[in-house]
Amino acid sequence: MEYNPYRALIKEFRRIAEEITGSGDLQVIRARAGFGYLSIPLHDLIRGRPELAREVNDKTSLVKSPYLANLRFINGFLNTDVNLVNYGKLVLDSALALGPSYGKSPDVKPLNIVVEHTSANPLHPLHIGHCRNMVLGDSLVRLLRFMGHRVSARFYLDDTGIQVMYLALGYRHVKDLVRRRIELGLKPDQVMWIVYSVTNAVAEVQRLTRMLEGKGEEEYRELVRERDEWVSVIADWLSKDKELVDSLVKALSSIDVNSEVARMAKAYEDGELGVKELVREAVNLVLRGFEETLNQFDVKFDQYDWESEVAVYNGLAKRVIMDLVKAAPSYVEFKDGVYVFRADKAAAELKLWDELRLPKFVPPATLNRSDGTTLYLTRDVAYAIWCLTNCNPDMVVRVIAVEQTHPQAQLRIMLKLLGFDASRIVHYAYEMVNLGDVKMSSRRGQAVTVDSLLEDAVRRVRAIASGRGGLNIDEVARAVAVGAIRYYFASVSPSKQIVFDWGRVLDMNQNSGPFIQYTYVRAYSILNKANVDVEPGQYTVPTSLSQEEGNLLLMIGEFPETLLKVSEDLKLENLVSFINRLALEFNTFYEKYPVINAEPGVREFRLALVKGVRVVLENSMRILGIPVLSRM
RNA sequence: GGGCCCGUAGCUCAGCCAGGUUUAGAGCGGCGGCCUUCGGAGCCGUAGGUCGUGGGUUCAAAUCCCACCGGGCCCGCCA
């Protein structure tokens, strides 16, 4: 048995090649189709040494190895096939014996890892941008746990930001209406979205109206145009919930929203009781909505870190500024009541680019508002310090949109200057999700929510599944929809922008979550019907294998190595494409060869093979959070 | 103006970090087939590509380097 059969195979090949060539440090690559399975380029070695080339060529036929076959020297490459009878047995025995742990690499040193993800501001329902974050983050959590690391999944809850105060202010005036709607079954974050967006719109209308005074004609027109946009935001919400919006607008009309919000922000940071209660109540309502959505996708957090608790009330955020002044006075400027951190200067003078993986340009950062309240970045530094101190992580993976590259770079520089090991903090950046040519704006009420995406997917799946009897359609539809959505977001490199396309997400054909689930069901039902449990060693690999059987053995053998690389690079999309290839190959095999009705001997082998495929599919699905179904 | 990311088939994307062999891979969509066999959300076949452009490095470039073109994001009291 081997935890990583592929690696064992490579080791064997390298050993033999080194023996033949008398040279060490050879690089094994996958052979191109038609040239065997593995290959070692020897061009450098044999250049100008024809006698060595001849020697290598002669020696290949003498090699004896249980795992390698048909070693030959072609075009400067040492190519080899695999002895599938022996290697295939090693692979299957390993997959069968290890089962749910097949793919784990026991020599990976277990680390303490914090994965912080989703971390949406508690203002409105999660939208498809958050969905990408959530899927990536939760899959990383599952992946790293599978590999044996101790992972803490954390949601950084920004309850201190100015935007939350808009939500809380609006909520103060329509509490009863909000409560009634939630009691009637509306999702709390959905209701609070209206409150947040309308309050924001009223604030914008007020601000723009004030700006109109004494402006020239052109500027005046521009401001009115901008104001009209916000008026139409209110109008849109009005058409959805007239009672709530009417009474909210009426209540806010007598208030200077912007200055009240600023006052509340200060009061909340100071821990003033009334405001604190109000904000917590509002935030908790939105959070209840988040959790409903997260549960649908089986996303669990070990901890919600409330920013006010981990960064503000403990005084850390303010101390960050003072400590920075002390530790790096030449990089902190003070003017007009505001501290500015010269990240640009620090990065350049201390040459931190490589150590902290910084972009070549990092802009300066303002650390506080002139009214004394803290800014997000400063609180974020405080949170990082809190996290490094309290969670004792070897690595902190933060799933955060790529547009925050600069603030995240500034954060690492500050941490470094404050004496912390900032290189442990990894900004796992993902590109944004667009709706065609419009950028989403939850503030303006323009966003596709995760809930609506899921419901649409469920509807779509129901249409396909309704023809099948004897199963709980609703439960299955939900699991398949979740699988489709998770697969889609995990399959695209985080560095690529996504133009959101319902058709692609809801595609249930090959290269999709449902396709993987379906393939698993096929494997499962064969094994279920055969009703025998194949154990390691209870079968022999036939000498005449089909192409498909051989490919499946090789792929099962590659799984641990693939997974190891995926977990080192944090590239989930490579796991996705691996299982898609495996599923394609398995379905080809499935169509062509009987398993249960195969002749004795072959039957046992094929059952073992199917079981091996099932093990790899199941482990992969668990890592990607694709629900595992036995019927669908 | 500066920095970062993306550009591969009509469309959506792997492959690039650690270059490798003669035909650069998937899916969707086209077109043509397969329901007497373990579940057809499947399978088989077929058409479709100057790997954005131009240089360079190399025995060898989609992959590394440089320049340019196209798209996106960021660049001090939002997050």
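Below, all heavy atoms of this structure are taken into account, side chains as well, without hydrogens, waters or symmetry copies. A note on names: the letters A, B, ... follow the listed sequences, proteins ahead of strands, and every chain is numbered from 1.
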Figure out the [atom1]/[atom2] separation between [X] and [N], and round it to whole Å.
X	N	atom1	atom2	answer
A:K496	B:C73	NZ	P	18 Å
A:L367	B:C77	CG	C1'	10 Å
A:E585	B:G42	CD	P	16 Å
A:I29	B:U63	CD1	P	17 Å
A:I596	B:C38	CD1	P	9 Å
A:Q410	B:C74	CD	C1'	10 Å
A:Q497	B:C73	CD	P	7 Å
A:K345	B:G2	NZ	C1'	19 Å

If only side-chain N and O atoms of [X] are considered, is one of them under 4.0 Å from the OP1 or OP2 phosphate oxygen of [N]?
X	N	result
A:R369	B:A79	yes
A:R342	B:G76	no
A:T519	B:A41	no
A:R522	B:G40	yes
A:S512	B:G27	no
A:N574	B:A14	no
A:Y518	B:A41	yes
A:N509	B:G42	yes

Answer with base, sugar-phosphate or nothing: what part of the nucleic acid does [X] contact at a heavy-atom distance below 4.0 Å?
X	answer
A:V576	nothing
A:K335	nothing
A:S370	base
A:P359	sugar-phosphate
A:Y590	base
A:R30	nothing
A:A31	base
A:D380	nothing
A:V402	nothing
A:Y166	nothing
A:R32	base

Tell me which nucleotide among [options] gets nearest to the side chain of [X].
X	options	answer
A:K360	B:G29, B:G3, B:A14	B:G3
A:Q27	B:C38, B:A18, B:U21	B:A18
A:I526	B:C75, B:C59, B:C38	B:C38

Original post:
Looking only at N and O atoms, is any donor in the side chain of A:D44 or the base of B:C59 less than 3.5 Å from an acceptor on the other one?
Top reply: yes
Original post:
Hey, is the side chain of A:H406 pairing donor to acceptor with the base of B:G3 inside 3.5 Å?
Top reply: no
Original post:
Hey, are A:R154 and A:E116 close enough for a salt bridge, meaning a charged N less than 4.0 Å from a carboxylate O?
Top reply: no
Original post:
Can A:Y518 and A:N587 be counted as having a side-chain donor-acceptor contact under 3.5 angstrom?
Top reply: no
Original post:
Cut-off 3.5 Å, side chains only: do A:E204 and A:N258 have a donor facing an acceptor?
Top reply: no
**OP:** Could you tell me if the ring centre of A:H117 sits under 6.0 Å from that of A:Y156?
**Re:** no
Original post:
Is B:G10 in the syn range, within 90° of 0, or in the anti range?
Top reply: anti
